[in-house]
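Lettering follows sequence order; numbering is per chain, from 1. These figures come from a predicted structure and were not determined experimentally.
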Amino acid sequence: MSARSPRGQVSSRSLLARSRWLLARRLCQLGLLALFLIGPLLGVWIIKGNLSASLLFDQIPLTDPLLLLQTLAAGHWPYVTAWTGALIVLVFYALVGGRVFCSWVCPVNLVTDTAAWLRRRLGIKTGRTPDGNTRYWLLAGLMAATVLTGVLVWEWVNPVTLLHRALVFGLGGASLLIIGIFLYDTLIASRGWCGHLCPVGAFYAVLGRIALVRVSAHRRDACDDCMECFVICPEPQVIRPALKGVGQPHPLILSGNCTNCGRCIDVCDRDVFKMTHRFDQRSAQ
Amino acid sequence: MSGRDSQKPASTPRRRFLREALTAAGGGCLLALGAGLHARQASALPAQAIRPPGALVEEDFLAACVRCGLCVRDCPYGTLRLADMLDPVATGSPFFTARQVPCEMCEDIPCVKACPTGALDRSLTDITKARMGLAVLSDQESCLNFLGLRCDVCYRVCPVIDKAITLETRHNPRSDRHAMLLPTVHSDACTGCGKCEKSCVLPEPAIKVLPRKVAQGALPAHYRKGWEEKARNGESLIGDQLRLPVRGFDGTTAGRAATETVVAPATPAAPIVATPQAASVPHASALNSRWKP
Ligand code: SF4
Ligand code: SF4
Ligand code: SF4
Ligand code: SF4
């Protein structure tokens, strides 16, 4: 069976072969949601709470480090439980990649990926995309606002925690915001929210700069410039340095904005990309 | 905040960067300001929303609570819930509505133990020391006990019965032969659990739990209560020489029993004229303020 690529070309590999990482990712995202939901729905408490903070196996605390940072900025010194949880999460994402949070965990990703897919499918090219650095300004802005007001202002509107809380605790008020993001990404800006605006993603991107697990274009010599990876990548600008050797000799994608989603590995017919670690600078011959 | 990830044309990179930075900064500030204003507006808790036991004062609570819902999950009675985005309570923060599900005052306080951040203060180990809110008998016109009946339900369900809420005996002036037992809340013992509000038999409760900030007044800091100072000091601080005149009485009601009926003075009260001369004639009937004990 041959499959149509994002750019409409016919690929020699099956759709399944071209979707391994995508399927793994969806399984991870939905599986995590299911883990959070079997507690309230079936009374099986593997994990309790939500993405802001949770308790795993009734023992292991987990805290979103950005939330811990916000409480500190607001002038509250949290209990050791919250610190421990944040440390565990920090170490985890420093190992597997900061924005692994975005592509493997965050529920908003399901929404914005759908919007990106729809945009490609319908061939929508309209709109105006904000600068990719806006998210860092927003991150700085929200921290400043937290210091100034002394309360967690961002959590009033944070679509990431809002959506996850809404799903796990059965609240409906977040839906308007999420529909807004979906329409924005579909009609106005390609990859607008996750790729340019989201300060949560920006925070994890900063963490991602030291991340261990990285994608490498280790067979970049085999690249035939089909551009499939650039089309499918949620952060296409991160590929060029590694694939084309612009400003760096090695084939590693070291930008913190790479989400380690593995879509480039999926779509490449030439098997150029692989998942590896940041010290693996080798290129295949 | 480096521009490493964005591709910029080589021409006028500096101007382009400046423009982008300004746009982004403007947008960011606007968004942050909007969120900040929203937060400020919502920092006053609406009257019917009560925070869980051990919650820090509202401003500190909104700085500390990460809205994880672990307290909600560990409450065995389903008392607590997280605020939805359109609720008047800060998005995602835990609260309860007493009339729906009150706090059952668990001895082991699982909600406080569950909180990872300290938004619920673990120094609260005795649930009777919790101060979630304060019950107020806000509608004396509807309260059945104030109407002279014996309902007492709020009094009897109170987990801190006879300390947080007492029945105070008063003469019933309408029947002139019965007592009224008035439910009376004491702020030094009421935990704000909401059991009284929940169980008030009226269609709309006459007793309501309010956030303490809403419910309570405060004396000016320099006020001293004479009787307290006297008790502490052993004798009056200003001595006994000052005897204030009892205004409004002709002297016959002094020392009467609590059950006696107050009879209005036979002479119609003249309007009070606050002249220096009048003030110097303490027992004149012109000064009758129609005050009743
Ligand atoms: S960029 Fe933000 S919304 Fe998008 S996946 Fe990452 S954290 Fe979630
Ligand atoms: S004390 Fe018990 S009933 Fe009250 S809020 Fe906490 S867990 Fe719930
Ligand atoms: S457990 Fe603590 S931090 Fe979490 S929602 Fe409750 S009060 Fe807030
Ligand atoms: S809220 Fe009502 S029931 Fe609870 S302690 Fe106060 S007076 Fe008693």
Would you mind checking which part of A:Leu162 comes under 4.5 Å of any heavy atom in chain B, side chain (CB onward), backbone (N, CA, C, O), both or neither?
side chain
Given 3.5 Å as the limit, does a donor-acceptor pair link the side chain of B:Arg131 with the main chain of B:Asp188, or not?
yes
Hey, which of A:Gly39, A:Gly75, A:Pro78 has the most heavy atom pairs under 4.5 Å with chain B?
A:Pro78
What are the residues of residues 58-74 of chain A, in order of number, with any heavy atom under 4.5 angstrom from a heavy atom of chain B?
A:Leu67, A:Thr71, A:Ala74
Residue pairs meeting side chain to side chain donor-acceptor pair (under 3.5 Å), one or both in residues 92-112 of chain B, sequence neighbours left out, come to B:Arg51-B:Ser93, B:Glu104-B:Lys195
Quick check on A:Trp83 against chain B: is it the side chain, the backbone, both or neither that has a heavy atom closer than 4.5 Å?
neither
To the nearest 0.5 Å, what is the distance between CG (B:Leu124) and CG (B:Asp126)?
7.5 Å
Qualifying side chain to side chain donor-acceptor pair (under 3.5 Å) pairs with a residue from residues 67-84 of chain B, counting only residues at least two apart or across chains
A:Lys48-B:Asp74
Out of B:Ala119, B:Gly118, B:Cys65, return the one with the most heavy atom pairs under 4.5 angstrom to chain A.
B:Gly118
Under 4.5 Å heavy-atom distance to chain A, tell me which part of B:Ala83 shows up: side chain, backbone, both or neither.
backbone
Any non-hydrogen side-chain atom of A:Val238 less than 4.5 Å from a side-chain atom of A:Arg99?
no
For residues 212-223 of chain B, which residue pairs pass the side chain to side chain donor-acceptor pair (under 3.5 Å) check, not counting sequence neighbours?
none
When rounded to the nearest 0.5 angstrom, what is the spacing between CZ in A:Phe101 and OG1 in A:Thr259?
12.5 Å
Donor + acceptor pair across side chains of B:Ser123, B:Asp121 (<3.5 Å):
yes
Counting only heavy atoms closer than 4.5 Å, note whether A:Val206 contacts chain B via side chain, backbone, both or neither.
neither
Mind checking whether B:Ile165 and B:Cys154 have side chains closer than 4.5 Å, heavy atoms only?
yes
Tell me, for B:Cys71 versus chain A, whether the close heavy atoms (under 4.5 Å) come from the side chain, the backbone, both or neither.
neither
